[in-house]
Amino acid sequence: MNAATSTPAGGDVILRAEHLERRFGGLTAVSDFTFELRQGEILGLIGPNGAGKSTTFNLISGFLRPSGGRLFLKGRDVTGASTKTISRLGLVRTFQHHSLLSEMSVVDNILIGTFHQRLAHEKRMEKVREVASMTGLADHLQIIAGNLPHGLQRMLSIAIALAAEPQILCLDEPLTGLQGAEVGAALELFEKLRTTHGLTILLVEHNVRAVMRACDRVIVLNYGRLLAEGSPEAVSRDEAVIEAYLGRGR
Amino acid sequence: MLSVDGLCVSYHGVPALLDVSLEIERGAITTIVGSNGAGKTTLMKAIAGLLVPDRGSVHLFGQDVGGRTPAEMVQAGVTLVPEGRRLFGQMSVRDNLMTGAYSRDDRSAIPADFETVLGHFPALRDRLNAPASDLSGGQQQMLAVGRALMASPRLVLLDEPTIGLAPAVVNTICDIIETISRNGVEVLLVEQNAHIALELATRAYVIENGRIVLSGSGKELKHNDQVREAYLGL
Amino acid sequence: MELFVQLLANTLQIGAVYVLFALGLTLIFGVMKIVNFAHGAFFTAAALIVTSMVPFATVELGVPLWAGYLLAAFAAIAVVLSIGALVYSIGFQHVLKDLNGSFILSIGLLLILNGAYLAIYGGAPRSVPQVLPGTVNVFGATLTAQRLALVIVAAVVTGGLYLLIERTRLGLALRAVAMDQEAAMLQGIPYRRVALYGFLIGAALAACAGVLMAPINAVTPVSGDEFLIKAFIIIIIGGLGSVTGAITGGLFIAMVESVGGYFFDPSTATLAMFILVIGFLLVRPQGILGNVE
Amino acid sequence: AQETLKLGISAPMSGSAATWGLGMEWAAEQAVEHVNEDGGVTVDGKTYNFEVVTYDNKYSATEGARNAQTMLNRDGVKFIAGSIGTAPVRAMQALTERNGVILFNTAWGKSVKGPQFPYTFTQMNTPFEILEPFYSFIKEQHPDLETAVLVSPNDATGQELEPVAVETWKSLGVEMLASDWYERGTTEFQPIATKIASLDPGLVDFSAAPPTDVGSILKELDVLGWEGVKVMTAGTSVEALMAVAGDAAEGAYLGASADFSSDSATEVQKKLNAGAREALGEPLNGITISSYDAILALRAAMQEADSVDPEKIKDVLPSVRFDSSYGPSGFGGADVYDYPQQMLIPVIVTQVVDGKAVELTRSNPAELEALSND
Amino acid sequence: MWNKSFGVWVCVALAISSVLFALLATNGYYASLLVWILTNAVLASALRFVLQIGELNIATAAFFGIGAYTTATTAVLLGWPFWLTLLLAPLMAAVLSALFGWVTLRTKGPYFLLVSFAVTEVIRLIYTQTNVIGGNSGLVGMFPPMAIDAYYPALAIALLAATLFALYGFERSDLGRLFKAIENNDAIPRSVGLNVVFLKVLCVVIASAAVGLAGGIHAYANTVIAPSDFAYFVAVLALAYVKIGGEGHPFGPILGAAVLTLVGQWVAGISAWENIFYGAVIVMTLRVFPGGLVGLAERARGLVTRSAR
Ligand SMILES: Nc1ncnc2c1ncn2[C@@H]1O[C@H](COP(=O)(O)OP(=O)(O)OP(=O)(O)O)[C@@H](O)[C@H]1O
Ligand SMILES: Nc1ncnc2c1ncn2[C@@H]1O[C@H](COP(=O)(O)OP(=O)(O)OP(=O)(O)O)[C@@H](O)[C@H]1O
Ligand SMILES: [Mg+2]
Ligand SMILES: [Mg+2]
């Protein structure tokens, strides 16, 4: 089942979760979830609705405290650490919803990403322009973010994260609402970030074709538990995955 | 049953829809395809009465419905599943579904429809008493669609109903659309996933920069080169 | 034991008015996100009208006291509903969901209304005779028949409101409008009308409290303001917009007042009440029954 | 030629104490009318008419200070004919004393008086005048009185009065079982009533509590079956008390009330009282009538000094004789305050009998007796 | 851009001429009127400053009081030098507000509003029950040294104006941007490694230091303070200044404070009608110009850019 796990960039383990667990009252959203993220890879995290993917993001980024299990980031134990500690260690995430500052301009949105560093204003603006041109926002800098077309909003939330100069980028459904050509462009951006900027990417996405194309490795979550893990092809042929997630095609 | 004629809508003077006309026929599934910012959501909102057009008219069963409030449109049988879902966050899943049925007259039929919706989306049944804001992204999307179904509409406007849904659930949505269409409910569908949209649609329009640039049956457009390149890439 | 019963009776008596008053406030807040500082003015209007209608009815029309009181109660509620509809349509309708804007608007209205009451009625306390004279002894606690009636009416009204909110279609619509007006319209809920109903129900509850209170306490043009602060504390403790929360919160504050006032003194009890509220909100910022956003 | 002298009033005109401000303003207007009809004040060959300007001090120090600044600097007021509230009066005093402006007030605090405040005069009786004769009289009526409870509002007046009251009762051999405070604006009094009833004192003294609050407590005490002596030192208005307490107020002693419609009232007072009922809907009381007296004292002092210069007037005021609404009066109090700043008027003890204030006894201060014997 | 710096220069000129006016004015009333207006302007601006992070801070009134009481206590009871007593006011307010913010800023929106309200009332009740600082009677006799006395209004105006410029400066800086971001969606700044709680506390501390200083200045200007002067209603009035002036612009609260303070002075003396008039001014302004007076000015200049949604 877990056949070809050899990835093009099978570097060191940069993030490791051990037996991660999170309960909400009587509901266990994530349970006994162990996985690792390796330096320089693009890892896909997929699973049915309510499987616990966003919850996992909240746990590894410090937005929620785990009810059990441990988390290691770059070899340091960061279980229960604050969002500040984690993002300063290089892990930055985006959000599935409400992923930007809707009442502020695009520039200000991206600027916020640079504020954890002490920089001269000019340096900050340079960073903003660099990130904006990467994400295709260069022409929209003065627009109020909430008025951007949906696709550009998704790119903007990635741009904010990039401005914070992460080493690990966790993207929660970045492709929702994008059309064919736009999806292609976004995937190219991910690839470029990995190759030229050395980023490690954790990708949650329901666009299975995009996941198959972009990811080196995929893990599947179901009812908060690990269901399968392996190369995109292997996972997409996995009976359990088809049953729980992909469904018998149309 | 619904016809849009020369509709123009703008946001603070910036036009978003220019002279848009379209027809929704009896028993049809109509889809609108277009890139980001093309004006699809704007069109849906204008039909639902949320936006006041600068020019142009909307006729429902031959009656001019321009100037009606969204609530009146719902009473006339037109229900919108809005972009961004707009659930009642602190209300339970059950109550959210019940608000969908607010303006129905046939109150005795509500329990049966309630069961049907839960049948479509078993994930919701487990969480009936949870506040909607606690649901996962996809579960919320199911709830939004379910709520619209509870209204038992004549025409349902679906603005990206499959956003954030797992592939298996996307299939469910497609089944639902086909089922309700067969039961005589008209569907106007805006969908990021053009494959699905064109597959389902009996009639399709392509909108670019606020104008309708192409129209035809779903099959025709699916094989149109322009459409293939722009919307069916991946 | 007798002391315990008396303190409990005190709590219920004090709490009954608090609950009625707070329910109206929480409803208006819940539905329209209006922090209505003028809510006390509705209460005052009703109480003042009762104090002037009862003598008029009993002396000029010669009807018996109870009938005069009932007549006055109807008049008071009707007048308050009209004031409510008026201030809603000229003011609040335009600042819905704007917490700070509506807050200030209500302060402006409060100044106007209080000024008007002072100009019309003068500052002197006014009163009406007790409609139900005599005292009742319940398990060793003494209370006046009038207050007992108040507790009973308050309980009935509260129960009715609870059913209205939780069980009826209007209640569902009110709650939906409270959360998202646009979404509510998309479900076919005529939001402006529902918001007006919510506001009027709230005003009627305040009027109800005023009518019930008039034969018990002296009425002055600022009577209502004194309940207002406590009512705010109550609805925050109970969770904004929550009916059960307003009930629990009202009884809780009444208990702090009654027990603290007995064992220490009222001044200390007031201080204790504020400190408890702060402590409480730090532990549970969303109130007893509120949900986290 | 005629000139107009502005007389300032700083009093609460809004909120729960507005009734005092409104009454005071009205009484002052009557005094001014009276003076002007008499041809105004003629000094040094010039005739002056009076005019009243009222400012709302909202019972707060800040507003008091602002009132004073506005009166002094904007309106050029040199005489303040009445001001209520210990906190605002203290705030005004800082300015009036510096700028040499006469300040009449009704503040009950001792802290506003003394030789260091030569421009300040008190226009009604305060605890130091009232308590001794008042409490002694009550003790005489109820010789076996042994225990008492004191209930005070937690405000400046209450805080200044409380120690004096406790001390005076003690000197009369009455034990104080508890001295409790409540905040202004309290609406529910069952808790304190329950407490009082269970302590079961022979007497409850409501010190500086306003009539509505006292009424509420009395009513609750009545329900709980407590029967004892009820004392309201600051009791001004029987109407207000009756309005709330009804029969429960029966028998209460009032220290600052006066029935200005009774036989013992002067003609002037009867007339004023009737007029106030007409205009304001409520009768006058010890506080509100005092601005009338202040203005008459002021007129007398101006004539005596033959000047409208406040500095000269402040020098003659301590020794001036004038006709107050109570009859001939003057200033005294040097024994208590080290400076004769206290208007000398009778201490009237009244009791609620059949819902009416009935005068039981009236005692002129020794100094007033001495004056009239001159 | 030209417009922005032009506006600032106009304000600088206004501030300088106010100071000059206070130095030259022969009638103390107008100088003290200016001091009240500016004190109210600082209160309103500080309230608006915290509105940047989306919170309505009723405790603005409490920190105004803490500044005033710090100055008054050290001046009257301890006899410390004038400048020291004035300096201590903002310091004390800053320190206590840091504590206050750190404890209470976990709550949000109406809940924070109420906690800050309760804190304000608790502090006021504590003053009333503390005899050393005069209980309910408060403290009297804060006079500036003789050498300064005549220039005090000018000094007060200069300090208050400087405070207003400082608040404006903070708002225009990156810090202001961060505050707005927190208001808009605090998850975003958190996700990029910013300490949102710290920033919120900082916002409250800056605003409180400003009102603390205003409190100290007020103590000397008024010469008397009492607990009732620092009740929650002070913050309510400050909000009225903000709303009437227009909250969309830093100049709004200043304008609102000026207008309402002057109206208040003008109507002082019409008794029961004063409230009605004051209330009517508030209601009318809100209804007729929803963006406040500044909003009206901008609309007149056709500059209004209504945000979407
Ligand atoms: N704050 C919360 N309180 C209670 N339950 C929650 C909360 N957040 C999430 N849940 C529940 O936890 C489960 C996992 O949710 P999560 O958002 O992680 O799913 P997901 O995998 O991201 O799904 P989707 O693909 O639909 O976004 C769901 O059943 C959800 O209802
Ligand atoms: N509230 C608004 N204010 C100003 N401009 C707006 C607003 N909403 C939308 N627009 C603009 O109107 C145009 C049409 O937007 P619309 O949301 O209708 O596009 P769409 O086709 O639904 O796109 P998407 O696929 O991203 O949902 C876009 O250029 C968008 O930026
Ligand atoms: Mg998710
Ligand atoms: Mg759209």
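- One distance of note links OG of A:S99 with CG of E:N185; it measures 8.5 Å at 0.5 Å rounding.
- Only the backbone of A:L100 comes within contact range of chain E, judged by heavy atoms closer than 4.5 Å.
- Contacts of A:F95 with chain E are made by side-chain atoms alone, with heavy-atom separations under 4.5 Å and no backbone atom involved.
- Applying the 6.0 Å contact sphere to CZ of E:F170 captures no more than 12 heavy atoms from other residues, nucleotides or ligands.
- In plain terms, the two heavy atoms of A:I112 and E:A181 that are nearest each other are CD1-CB, 3.6 Å.
- Residue with the most contacts toward chain E among A:A163, A:S82, A:S61, A:S102: A:S102 (heavy-atom pairs, distance under 4.5 Å).
- Ranked by heavy-atom pairs shorter than 4.5 Å toward chain A, the options E:V196, E:I188, E:L178 are led by E:I188.
- In terms of heavy atoms, A:V92 sits closest to E:S191 at CG1-O, 3.7 Å.
- Nearest heavy-atom pair across A:S87 and E:G193 is OG-CA, 2.6 Å.
- A salt bridge between E:D174 and A:R124 is present, with a side-chain N of the basic residue lying under 4.0 Å from a carboxylate O of the acidic one.
- Within a 6.0 Å sphere centred on NZ of A:K74, other residues, nucleotides and ligands contribute more than 12 heavy atoms.
- Residue A:H98 qualifies as open at atom NE2: its count of foreign heavy atoms under 6.0 Å is 12 or below.
- Between E:N184 and A:M104 the shortest heavy-atom distance is OD1-N, 3.7 Å.
- Heavy-atom neighbours of A:F24 CZ from other residues, nucleotides or ligands within 6.0 Å: above the threshold of 12.
- Proximity to chain E is absent for every atom of A:T85, based on heavy atoms less than 4.5 angstrom apart.
- Atom CD of residue A:E103 and atom NZ of residue E:K180 lie 11.0 Å apart, to the nearest 0.5 angstrom.
- Per-residue counts of heavy-atom pairs under 4.5 Å with chain E were compared for A:N109, A:I160, A:L101; the largest is that of A:L101.
- Here A:T83 contributes atom OG1 and E:N195 contributes atom CG; the two are 7.5 Å apart, rounded to the nearest 0.5 Å.
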